[in-house]
Asks: 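I have a structure I would like to understand better, so I am pasting it below and will then ask my questions one at a time.
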There are 2 protein chains.
Amino acid sequence: MTDFNLDAFLPYQLAVLSARVSAGFSRHYRKAYGISVAEWRVVAHLSRGDAVSVREIHERVDMDKPKVSRAASRLEEAGYITKTVNETDRRLVELKLTDKGRAMIDALAPIAKAYEQELVGALGGDDGPFRDQVRRLGEALKPRQTD
Amino acid sequence: MTDFNLDAFLPYQLAVLSARVSAGFSRHYRKAYGISVAEWRVVAHLSRGDAVSVREIHERVDMDKPKVSRAASRLEEAGYITKTVNETDRRLVELKLTDKGRAMIDALAPIAKAYEQELVGALGGDDGPFRDQVRRLGEALKPRQTD
DNA sequence: GCAAGAGCGTTGCACCTGCAACGGTCGAAC
DNA sequence: GTTCGACCGTTGCAGGTGCAACGCTCTTGC
């Protein structure tokens with residue numbers, strides 16, 4: 001009889017860890033700004049400053065197009081970003097932070113850094129090897145087959 | 001002006017990694033058995049053999065009660081488990097694998113082990129330190145505060 | 001025995017997500 | 001200039017999720 005120990009199963013451990021980490025951080029912006037994880041990702045990506053298309057975010061952040069599109073719509077409705085049609089290519093929609101959105105990211109960025117430092121502390125202070133392995137695993141799984 | 005680099009943000013990296021790892025594994029059972037991640041977790045937890053209540057799974061696996069309840073209902077409908085009321089405490093529902101469910105976990109367990117070995121390989125062969133840190137981080141975030 | 005409170009699992013509801021399909025726009029070939 | 005194909009973003013739809021509230025059952029105290 002198979003006795004499978006879920007607790008020791010790496011995919012499960014990672015899922016639980018990731019959910020806790022995300023929940024721990026999202027509590028910092030969920031209440032204060034009313035945005036979700038998906039919306040946070042879009043805003044964070046826009047913090048670089050230049051206008052970005054939906055497709056670009058879809059490729060850089062790992063979210064599918066509809067998810068980005070809806071997150072952007074919610075952010076626009078909340079006044080954090082603007083959506084304007086690119087006049088040289090009217091298929092593209094340019095997303096851009098408003099002043100309100102900029103203020104939000106300015107407030108959240110240090111909180112994010114601090115939260116990350118908490119995590120690093122929990123790791124024992126040296127996060128280098130851990131991050132390397134996270135990145136290595138992510139790379140190994142990036143494409144799409146194995147089936 | 002804040003320039004937040006999402007790619008280097010640990011919570012983001014973990015979320016992406018976890019999603020990829022889960023997707024990579026779920027492809028092994030999604031098509032073959034038509035079950036979701038939540039259902040997989042319930043079945044895996046039931047593989048120990050004894051009947052288990054919804055509440056016990058809710059506590060052990062990190063899923064809230066409604067999620068466990070619905071996953072169990074789907075599994076029952078698919079014929080993988082049975083749900084019976086505990087006669088000594090009629091508030092409790094005992095979940096138990098059917099022969100069909102047992103056959104599924106017997107088939108999936110080696111696949112899960114093999115998949116895990118793939119991940120270990122991608123880590124460079126020595127997964128000990130990585131698992132330690134995953135566990136340590138998970139422990140640090142287990143309770144409920146930071147606010 | 002009975003009432004109040006706590007525990008367990010389910011259900012309602014609003015929201016989000018994944019996938020496929022769609023309309024609008026651009027570029028290439030003729 | 002037209003037509004065909006590709007691309008971009010949005011929308012429909014079915015299904016899953018989180019949270020709160022509910023019904024049923026057990027326990028506790030009287």
Side-chain angles (χ1 to χ4, degrees), chain A residues 15-16 18-20 22-24 26-27 29-31 33-42 45-46 51-78 81-96 144, chain B residues 15-16 18-20 22-24 26-27 29-31 34-43 45-46 51-78 81-96 144:
Chain A
V16 171
S18 165
R20 283 184 190 164
S22 281
S26 72
R27 282 186 306 112
Y29 54 75
R30 184 161 206 135
K31 277 291 172 68
Y33 298 97
I35 64 172
S36 68
V37 175
E39 284 144 40
W40 151 256
R41 286 192 190 175
V42 171
H45 189 70
L46 289 179
V52 173
S53 71
V54 170
R55 175 181 160 280
E56 196 172 329
I57 295 184
H58 152 60
E59 287 182 347
R60 293 259 304 144
V61 177
D62 94 323
M63 290 166 57
D64 67 348
K65 285 189 302 176
K67 197 173 175 181
V68 175
S69 173
R70 289 190 234 253
S73 294
R74 291 190 291 262
L75 285 169
E76 184 189 33
E77 194 175 5
I81 70 170
T82 56
K83 288 165 57 179
T84 50
V85 173
N86 182 318
E87 284 304 324
T88 69
D89 183 344
R90 299 181 53 78
R91 292 172 303 182
L92 301 179
V93 172
E94 290 181 342
L95 308 180
K96 207 169 188 317
R144 207 58 299 183
Chain B
V16 171
S18 165
R20 284 183 189 165
S22 280
S26 72
R27 285 186 304 110
Y29 55 74
R30 185 162 206 134
K31 278 292 172 66
I35 63 172
S36 69
V37 175
E39 285 145 40
W40 152 256
R41 285 192 191 174
V42 171
V43 170
H45 190 70
L46 289 179
V52 173
S53 71
V54 169
R55 174 180 160 280
E56 197 173 329
I57 294 184
H58 152 62
E59 287 182 347
R60 294 259 304 143
V61 175
D62 94 323
M63 290 166 57
D64 67 347
K65 284 189 302 175
K67 197 172 175 181
V68 175
S69 174
R70 290 191 233 254
S73 294
R74 292 190 291 263
L75 286 169
E76 184 190 31
E77 193 175 5
I81 70 170
T82 56
K83 288 166 56 180
T84 50
V85 174
N86 182 318
E87 284 305 323
T88 69
D89 184 343
R90 299 182 54 77
R91 293 173 301 182
L92 302 179
V93 173
E94 291 182 342
L95 308 180
K96 207 168 188 318
R144 201 71 289 208

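Worth saying up front: this structure is predicted, and the values here are computed from it rather than measured. Protein chains get the first letters and strands the later ones, always in sequence-line order, with residue 1 at the start of each.
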Asks: Between C/dG9, D/dC19, D/dT17, spot the one nearest the side chain of B/Leu92, thanks.
Replies: C/dG9
Asks: Which part of the nucleic acid, if any, lies within contact of B/Ser53, taking any heavy atom under 4.0 Å across all strands shown: a base, the sugar-phosphate backbone alone, or nothing?
Replies: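 Result for B/Ser53 = sugar-phosphate.
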Asks: I'd like to know if the side chain of A/Ser26 and the backbone of A/Ala23 have a donor-acceptor N/O pair within less than 3.5 Å.
Replies: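 Side chain of A/Ser26 to backbone of A/Ala23, a donor-acceptor pair under 3.5 Å: yes, one is there.
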Asks: Would the base of C/dG7 count as contacting B/Arg90 through its side chain, where contact means a donor and an acceptor less than 3.5 Å apart?
Replies: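 There is none.
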Asks: Between B/Lys65 and C/dG7, is there a contact of a side-chain N or O with OP1 or OP2 at under 4.0 Å?
Replies: no
Asks: Mind checking the CG-CD spacing from B/Asp89 to B/Glu94? Nearest 0.5 Å is all I need.
Replies: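 One finds 10.0 Å between CG of B/Asp89 and CD of B/Glu94.
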Asks: Any side-chain to backbone donor/acceptor pair from A/Ser69 onto A/Lys65? Under 3.5 Å, distance only.
Replies: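 No; zero donor-acceptor contacts below 3.5 Å.
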Asks: Does any donor-acceptor pair link the side chain of B/Arg70 with the base of D/dG18 at a separation under 3.5 Å?
Replies: yes
Asks: I want to verify a distance call: between D/dC8, C/dG9, D/dT11, whose nearest atom is closest to the A/Arg91 side chain?
Replies: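 Nearest listed nucleotide: D/dC8.
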Asks: Does B/Ile57 offer a backbone N or O that forms a donor-acceptor pair with the side chain of B/His45 under 3.5 Å?
Replies: no
Asks: For C/dT25, does either OP1 or OP2 sit under 4.0 Å from a side-chain N or O belonging to A/Arg55?
Replies: no
Asks: State whether the side chain of A/Glu59 and the backbone N or O of A/Glu56 hold a donor-acceptor pair below 3.5 Å, judged by distance alone.
Replies: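 It does not hold such a pair.
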Asks: Could you state the NZ-C1' distance from B/Lys67 to C/dG9, rounded to the nearest angstrom?
Replies: 17 Å
Asks: I need the CG-C1' distance between A/Asp64 and D/dG12, as an integer number of Å.
Replies: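 Answer to the nearest Å: 14 Å.
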Asks: When the distance from NE2 of B/His58 to P of C/dG7 is rounded to whole Å, what number comes out?
Replies: 12 Å
Asks: Whole angstrom is fine here: how far is it from NZ in B/Lys83 over to C1' in D/dC24?
Replies: 15 Å
Asks: Calculate the interatomic distance between B/Arg74 atom CZ and D/dG15 atom P; express it in whole Å.
Replies: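 Atom-to-atom, B/Arg74 to D/dG15, this comes out as 11 Å.
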Asks: Could you please name the option among C/dT17, D/dC8, C/dC26 that lies closest to any side-chain atom of A/Asp89?
Replies: C/dC26
Asks: Quickly work out the A/Ile35 CD1 to C/dC15 C1' distance and round it to whole Å.
Replies: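 Spelled out: CD1 on A/Ile35 to C1' on C/dC15 is 16 Å.
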Asks: By nearest nucleotide on DNA chain C, pick out whichever of A/Glu87 and A/Glu39 is the more 5' one.
Replies: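 Whichever sits nearer the 5' end wins; that is A/Glu39.
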Asks: In whole Å, what is the span from the CZ atom of B/Arg60 to the P atom of C/dC8?
Replies: 16 Å
Asks: Taking only side-chain N and O atoms of B/Ser69, does any of them lie within less than 4.0 angstrom of OP1 or OP2 on C/dT10?
Replies: yes
Asks: Measure the distance from CD1 on A/Ile57 to P on D/dG9 and round it to the nearest whole Å.
Replies: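 For the pair A/Ile57 CD1 and D/dG9 P, the rounded distance is 9 Å.
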